[in-house]
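Written below as structure tokens is the structure these notes are about.
Below, chains carry the letters A, B, ... as their sequence lines are ordered, and counting in each starts from 1.
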There are 2 protein chains.
Amino acid sequence: MTSPPHRSSELANADGTVRCRALFIRSAGRVGSVSDPEFGHRTETLQQPSPEAARDAIARGIDRGAIVTVYGRCTVDYDGRATSYLEAGDRHVMLKPDGAALVHTAEGQQPVNWQPPGCDHDVFCEDGHIVIESLRTSPDEQLRVRFQNVLQVSAFAGSDETELALVGTEADLRRRILEEPDLLETGFMPLATERETPAGAVDIYGEDSTGRAVVVELKRRRVGPDAVSQLRRYVDALERDMHADATVRGILVAPSVTDRANRLLSDHGLEFISLEPPDE
Amino acid sequence: MTSPPHRSSELANADGTVRCRALFIRSAGRVGSVSDPEFGHRTETLQQPSPEAARDAIARGIDRGAIVTVYGRCTVDYDGRATSYLEAGDRHVMLKPDGAALVHTAEGQQPVNWQPPGCDHDVFCEDGHIVIESLRTSPDEQLRVRFQNVLQVSAFAGSDETELALVGTEADLRRRILEEPDLLETGFMPLATERETPAGAVDIYGEDSTGRAVVVELKRRRVGPDAVSQLRRYVDALERDMHADATVRGILVAPSVTDRANRLLSDHGLEFISLEPPDE
DNA sequence: CGTGCCAGGTGCCAT
DNA sequence: ATGGCACTTGGCACG
């Protein structure tokens with residue numbers, strides 16, 4: 001016997017309020033609801049819910065724009081850019097209001113399965129079991145989590161207005177060089193950032209003290225052969241664009257390079273300067 | 001006033017049992033504990049706990065090898081390969097038994113802050129607020145989550161023996177070609193996989209029907225210029241290794257290539273064959 | 001939307 | 001540990 005799927009979109013009214021389809025929420029376990037008026041956030045949790053209660057709680061959480069988490073024994077199917085199957089085990093599933101879905105096991109920083117933001121989440125009962133489906137198009141991808149057993153469902157509603165302030169990126173390294181070009185080489189003059197070439201955009205384009213064209217490729221950390229090849233593509237492209245006799249200097253700026261990368265640099269007549277992004 | 005930090009390692013006895021340092025657990029909110037003997041997993045949840053109760057529940061969950069989640073308003077400091085700060089907001093923090101830590105906001109597939117597996121988690125009260133610290137060395141990195149307010153703490157203990165079965169990877173594409181080399185080209189004969197060159201390991205090394213050396217670079221999806229450069233490095237390295245007059249064919253195998261990549265292929269005299277990893 | 005590239009990328013496996 | 005590279009890479013910025 002299969003219950004009809006619950007589609008969260010069916011529950012949202014035009015004005016944004018939410019009508020709940022289920023007339024009551026039944027739970028075989030405890031129900032906890034906590035709200036903090038000072039901060040305006042709210043948490044609802046069910047333990048050992050019946051499948052119907054779990055379904056309704058999950059659907060309501062999604063509709064309310066909460067982060068919904070489900071913990072229990074489940075299998076996971078994924079089909080899209082690749083295909084995967086995960087046998088039954090205890091996992092932590094998170095559904096975000098932006099449409100992202102994450103399936104976490106007890107190990108690893110990365111989720112064992114996931115779906116990116118922008119997906120439509122669907123939750124329904126099938127043969128008495130909770131099923132969460134997360135779909136997207138272009139590319140067509142489907143994630144299907146089927147619970148044998150749900151121990152806990154939680155819905156977390158809150159607010160988060162702030163942005164992460166991150167320091168030590170490649171952009172910071174670029175700023176550092178643009179503010180003090182002599183760090184790279186005495187007399188270096190930056191002329192453009194992100195200058196377009198047929199091979200892609202050059203991080204910094206400029207001239208050395210003798211007026212020779214210089215291409216600078218920036219990396220925030222120690223680099224391997226790929227970064228050297230990238231720099232070489234830019235140098236080649238620029239030399240092709242200029243008159244035949246002109247030569248372009250290519251400078252890789254990074255904290256350090258690997259041996260192989262160093263050899264590649266010599267082979268291609270490219271240079272390396274050790275510089276790190278600023279600490280603060 | 002600062003409470004001494006709780007170090008989870010102090011709580012585990014040699015036999016694996018856990019003694020709890022705190023004499024009692026006090027909670028300003030609800031407490032729920034659910035276990036399912038059929039599956040052997042267990043969940044403990046506190047809502048609106050006092051800082052001390054939250055600290056003890058988090059520490060106990062870590063000691064028991066559970067997945068611990070904390071939801072509430074917090075600030076996040078990170079210092080390591082880069083540096084970041086996140087102003088106060090409502091976030092979901094997950095601590096895994098392998099030492100990973102994840103801080104999720106309501107948006108994005110990726111955590112806003114994190115710590116990889118292998119870290120030491122530390123939880124303590126400071127000025128009446130819960131602080132979670134996650135540390136690692138090489139590189140030295142520190143994550144610090146300071147809660148203004150904890151709405152819920154959960155500890156999920158379970159078992160997960162199974163591995164993800166994933167199909168459609170580059171390894172699958174390689175298998176496909178090795179099983180039916182004519183897919184690449186009539187008469188192609190694979191001689192080695194992961195053959196080492198000074199530039200790195202070649203995906204497939206072989207000979208065409210005329211006995212000419214062939215380097216094959218595999219990609220499971222549409223590729224850009226980087227893959228072409230990679231193939232070129234291998235071809236260059238092999239030609240350098242062989243006698244001067246020998247030439248090596250380089251073949252990129254992927255579902256498709258971008259325009260720029262295609263131009264690069266022509267420029268370097270490399271070839272492209274369209275092949276996808278198998279569906280199943 | 002595709003193309004190109006950075007990322008505190010992570011994870012896996014090799015030396 | 002370091003290195004080289006795949007990854008359902010994800011994410012952003014730009015044409």
Report the C-alpha distance between Y78(A) and V112(A) in whole Å, list the side-chain angles of each, state the deciding distance to 0.1 Å, and finish with yes or no for side chain to side chain contact (heavy atoms under 4.5 Å, CB included). CA-CA 10 Å; Y78(A) 157 73; V112(A) 63; over 6 Å; no
Write down the protein N/O and nucleotide N/O pairs, taken from nucleotides 2-5 of chain D, whose separation is under 3.5 Å; answer none if there are no such pairs.
from, atom 1, to, atom 2, distance (Å)
dG3(D), OP1, R222(A), NE, 3.0
dG3(D), OP1, R222(A), NH2, 2.0
dG3(D), OP2, R222(A), NE, 2.7
dG4(D), OP2, T258(A), OG1, 2.6
dC5(D), OP1, Y234(B), OH, 2.5

Could you note down all residue pairs passing side chain to side chain donor-acceptor pair (under 3.5 Å) where residues 188-198 of chain A supplies at least one of them, sequence neighbours left out? R174(A)-E194(A)
Answer with base, sugar-phosphate or nothing: what part of the nucleic acid does T83(A) contact at a heavy-atom distance below 4.0 Å? nothing
In whole Å, measure the gap between the P atoms of dT8(D) and dC5(C) for me. 22 Å
Same-atom distance (P) from dG11(D) to dG11(C), integer angstrom: 15 Å
Under 4.0 Å between a side-chain N or O of W114(A) and OP1 or OP2 of dT9(D)? no
Send over the distance from [X] [atom1] to [N] [atom2], rounded to a whole Å.
X       : N       : atom1 : atom2 : result
L218(A) : dC6(C)  : CG    : C1'   : 11 Å
E194(A) : dC5(C)  : CD    : C1'   : 9 Å
L102(B) : dG8(C)  : CG    : P     : 15 Å
L166(A) : dG11(D) : CG    : P     : 15 Å

Taking ring pair (Phe, Tyr, Trp, His ring centres under 6.0 Å) as the definition, give me every residue that meets it alongside H104(A), ordered by chain and number, with sequence neighbours left out. none
With sequence neighbours excluded, residues passing side-chain contact (heavy atoms from CB on, under 4.5 Å) with [X]:
X       : answer
R175(B) : A171(B), D172(B)
D98(B)  : E107(A), K96(B), A100(B), P117(B)
A106(A) : I67(B), P97(B)
R220(A) : P277(A), R81(B), A82(B)

With the criterion being N/O to N/O and under 3.5 Å, what pairs connect the protein with nucleotides 11-15 of chain C, and how long is each?
from, atom 1, to, atom 2, distance (Å)
dG11(C), OP1, Q109(A), N, 3.0
dG11(C), OP1, Q110(A), N, 3.4

Does the base of dG8(C) carry an N or O that pairs as donor and acceptor with the side chain of Q115(B) under 3.5 Å? yes
Let's see if you get this right: which residues in residues 70-81 of chain A place a heavy atom under 4.0 Å from DNA chain D? Y78(A), R81(A)
Near DNA chain D, counting only heavy atoms under 4.0 Å, which residues of residues 84-99 of chain B show up? none
Can you list the residues that meet the side-chain hydrogen bond (donor to acceptor under 3.5 Å, both in side chains) rule with D120(A), with sequence neighbours excluded? none
Mind checking side-chain hydrogen bond (donor to acceptor under 3.5 Å, both in side chains) for S134(A) and listing every partner two or more places apart, or none if nothing turns up? H121(A)
Hey, mind stepping through S229(A) and R233(B) against side chain to side chain donor-acceptor pair (under 3.5 Å) and telling me if it holds? CA-CA 8 Å; S229(A) 292; R233(B) 291 201 301 272; 2.7 Å; yes
Can you check side chain to side chain donor-acceptor pair (under 3.5 Å) on H268(B) and R232(B), steps first, answer last? CA-CA 7 Å; H268(B) 298 315; R232(B) 179 152 147 76; 3.2 Å; yes
Do the charged groups of R136(B) and D140(B) touch, with an N to O distance under 4.0 Å? no
Under 4.5 Å between any side-chain heavy atoms of V68(B) and F156(B), yes or no? no
